[in-house]
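Atom set for the values below is all heavy atoms of this structure, side chains included, hydrogens, waters and symmetry mates excluded. Convention: sequence-line order gives letters A, B, ...; per-chain numbering from 1.
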Protein chains: 2
Amino acid sequence: MKPLILVVEDEAAILTLLRYNLERENFRVIEARDGEEALLLAGERKPDLVLLDWMLPLLSGIEVCRRLRRAPQTRGLPIIMLTARGEEGDRIRGLNAGADDYVTKPFSPSELLARVRAVMRRSRPAADAETLRCGDIIMDIAAHKTRRGERDVHLGPTEFRLLRHFLEHQGRVFSREQLLDAVWGADVYVEPRTVDVHIRRLRKALNEPHEDDPIRTVRSAGYALDAMASQYA
Amino acid sequence: MKPLILVVEDEAAILTLLRYNLERENFRVIEARDGEEALLLAGERKPDLVLLDWMLPLLSGIEVCRRLRRAPQTRGLPIIMLTARGEEGDRIRGLNAGADDYVTKPFSPSELLARVRAVMRRSRPAADAETLRCGDIIMDIAAHKTRRGERDVHLGPTEFRLLRHFLEHQGRVFSREQLLDAVWGADVYVEPRTVDVHIRRLRKALNEPHEDDPIRTVRSAGYALDAMASQYA
DNA sequence: TGACGATGTAATAAAATTGTCACGGATTTG
DNA sequence: CAAATCCGTGACAATTTTATTACATCGTCA
């Protein structure tokens, strides 16, 4: 699907110019003439990027920027500010308000498009990050981060691989030997009971005092990560 | 300091013409006769701009362009392609390979100079700059400046590229080997542990005594720049 | 040329992680 | 019920990995 760009600009001429260039480059464009409309559309249409004029009726661009950043729906939405003057002060304020980049008018179409592409490229990785989850446990493979509910969970390398293996095979029971093969590697030899210790460490890191334990012990068989019922908050 | 321009061109007559015009306009000029030499000089002399002929011995202009873009040292170096005909196909390919602008031969000296100035202006500190940010860390690529909060942060060239790479891939963990490839270049060999030292230098430059460290060490995996809970003023 | 900044390496200190054990409670078996 | 297993747990020492420091080199710039 073509990326959707929200252009917030009150001057018709510039609006036309932007629409022309963006659509030629295979973007879809929606327009807002003032700050209020911008906030509304940003929430409703969920654009992939916002081109935001500095000077606007009703709400200044910088204020729109701030509000977009504050709202959970639109936080993280890439924003490029358009401003008439290249004043350093404005620039700093724009960036502080949360803009991702900044282009001064007059601008060349190619320059603007380059910025648009750059910003979109930058904000892409977050989208396709590989994550595993089970109930309120979330693991981000690329970032190497693990969370349970609202808090970050720190895991050692082995615990990380162990949990990852469970997450990739939820509900299934693994014997100690199977886990050693899968997590430690088929060629290393360690005591099977070592698995117990790491299961323990994983549990300790994962479970706060009151929370329930997602790891099920199957006596004389091994361990499993239960796909919990309390999915998706 | 006068801007340094690398002219890559195998026809002596055009070379002379270019040098004459450029030097008259207060640019310094270095010459390369073929693609190999171009890459070498671009890396060694660090020119501010490259004028790159399309047809070259050894390596085509487009290939040179691509390689310049791929190498960490020369990525971001402004490139203007010179092409014999104004064929649309060539132009598209040139721009796709990463050229900033292109000029068709024959060209008038004044036209060429106008393009040169335009491209340089765009990549100069005075002009707009692409910025990368993470929390209160702001990097201005074109100006080659880094700030944290209110203060300027001085980084060596390697630390700059290192931080840039992290900023362009926030949250993701990179092994020492990956960082060497991305920041040092895939062809140079340095000890992986060297990365540690540069991480240290980067941290020292970035973190005042009380501030928290945005760079996360992931044991047995590498390092990551954490996309922190955004703090927009 | 000499001061200077930047860089890569090696050596050493400091942390974090890991595999094992031993003990004791819990569960199953006979 | 007693024996036999099995699992949870805390403590440790060894090992691995990272942080930090010091140093030699190299190119730049006055």
Figure out the [atom1]/[atom2] separation between [X] and [N], and round it to whole Å.
X: B:Asn207; N: D:dT20; atom1: CG; atom2: P; answer: 10 Å
X: B:Arg216; N: C:dA16; atom1: CZ; atom2: P; answer: 15 Å
X: A:Leu162; N: C:dT17; atom1: CG; atom2: C1'; answer: 14 Å
X: B:Asp213; N: D:dA19; atom1: CG; atom2: C1'; answer: 12 Å
X: B:Arg161; N: C:dA6; atom1: CZ; atom2: P; answer: 13 Å
X: A:His144; N: D:dT17; atom1: NE2; atom2: P; answer: 13 Å
X: A:Phe160; N: C:dA16; atom1: CZ; atom2: P; answer: 19 Å

With sequence neighbours excluded, what pairs up with [X] under the salt bridge (Lys or Arg N to Asp or Glu O under 4.0 Å) test?
X: A:Glu159; value: none
X: A:Glu208; value: A:Arg151
X: B:Arg67; value: B:Glu63
X: B:Glu191; value: none

Listing time: all N or O pairs from protein to nucleotides 24-27 of chain C that are below 3.5 Å?
| residue | atom | partner | partner atom | Å |
| --- | --- | --- | --- | --- |
| C:dT27 | O2 | A:Arg219 | NH2 | 3.3 |

Between [N] and [X], is there an OP1 or OP2 to side-chain N/O distance shorter than 4.0 Å?
X: A:Trp184; N: C:dT18; answer: no
X: B:Thr217; N: D:dA19; answer: yes
X: A:Thr158; N: C:dT17; answer: no
X: B:Tyr223; N: D:dT17; answer: no
X: A:Tyr189; N: C:dT20; answer: no
X: A:Arg176; N: D:dC7; answer: yes

task = Identify, residue by residue, the members of residues 194-204 of chain B with a heavy atom below 4.0 Å from DNA chain C, and return them in order of residue number, or none.
result = B:Thr194, B:Val197, B:His198, B:Arg201
request  = List for me each residue that meets ring-ring contact (aromatic ring centres under 6.0 Å, His included) alongside B:His144, sequence neighbours excluded, and say none if there are none.
outcome  = B:Phe160
query = ring-ring contact (aromatic ring centres under 6.0 Å, His included) with B:Phe27: which residues, sequence neighbours excluded?
reply =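 Per chain and number, B:Phe27 pairs via ring-ring contact (aromatic ring centres under 6.0 Å, His included) with no residue.
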key: Pairs where residues 215-225 of chain B contributes a residue and the test side chain to side chain donor-acceptor pair (under 3.5 Å) is met, not counting sequence neighbours   = B:Arg176-B:Tyr223, B:Arg203-B:Thr217, B:Arg216-B:Asp226
message = Less than 4.0 angstrom from a charged side-chain N to a carboxylate O is my criterion; do B:Arg33 and B:Asp10 meet it?
response =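 A salt bridge is absent here (no side-chain N lies under 4.0 Å from a carboxylate O).
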ask   = Is any side-chain N of the basic residue among B:Arg200 and B:Asp213 closer than 4.0 Å to the acidic one's carboxylate O?
value =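 No, this pair does not count.
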Pairing residues for B:Thr158 by the side chain to side chain contact (heavy atoms under 4.5 Å, CB included) criterion, not counting sequence neighbours =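 Listed in chain order: B:Arg161, B:Trp184, B:His198.
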Partners meeting side chain to side chain contact (heavy atoms under 4.5 Å, CB included) with B:Leu40 (sequence neighbours left out) =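 For B:Leu40 the side chain to side chain contact (heavy atoms under 4.5 Å, CB included) partners, ignoring immediate neighbours, are B:Glu44.
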query = Taking for each residue the nucleotide of DNA chain C with the nearest heavy atom, is it B:Leu155 or B:Glu191 whose nucleotide lies nearer the 5' end?
reply =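 Whichever sits nearer the 5' end wins; that is B:Leu155.
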request  = For B:His154 and for B:Val190, locate the closest nucleotide of DNA chain C by heavy-atom distance; then report the residue assigned to the nucleotide nearer the 5' terminus.
outcome  = B:His154
query = CD1 of A:Ile137 to CD of A:Glu211: how many Å apart, nearest 0.5 Å?
reply = 8.5 Å
message = By nearest atom, which of the nucleotides D:dC7, D:dT18, C:dA6 is closest to the B:Arg193 side chain?
response = D:dT18
task = Give A:Val188 one of three labels, base, sugar-phosphate or nothing, depending on what nucleic acid heavy atoms sit under 4.0 Å from its own.
result =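 A:Val188: no heavy atom of the nucleic acid under 4.0 Å.
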What N/O pairs connect the protein and nucleotides 27-30 of chain D at under 3.5 Å? Give each pair on its own line.
none

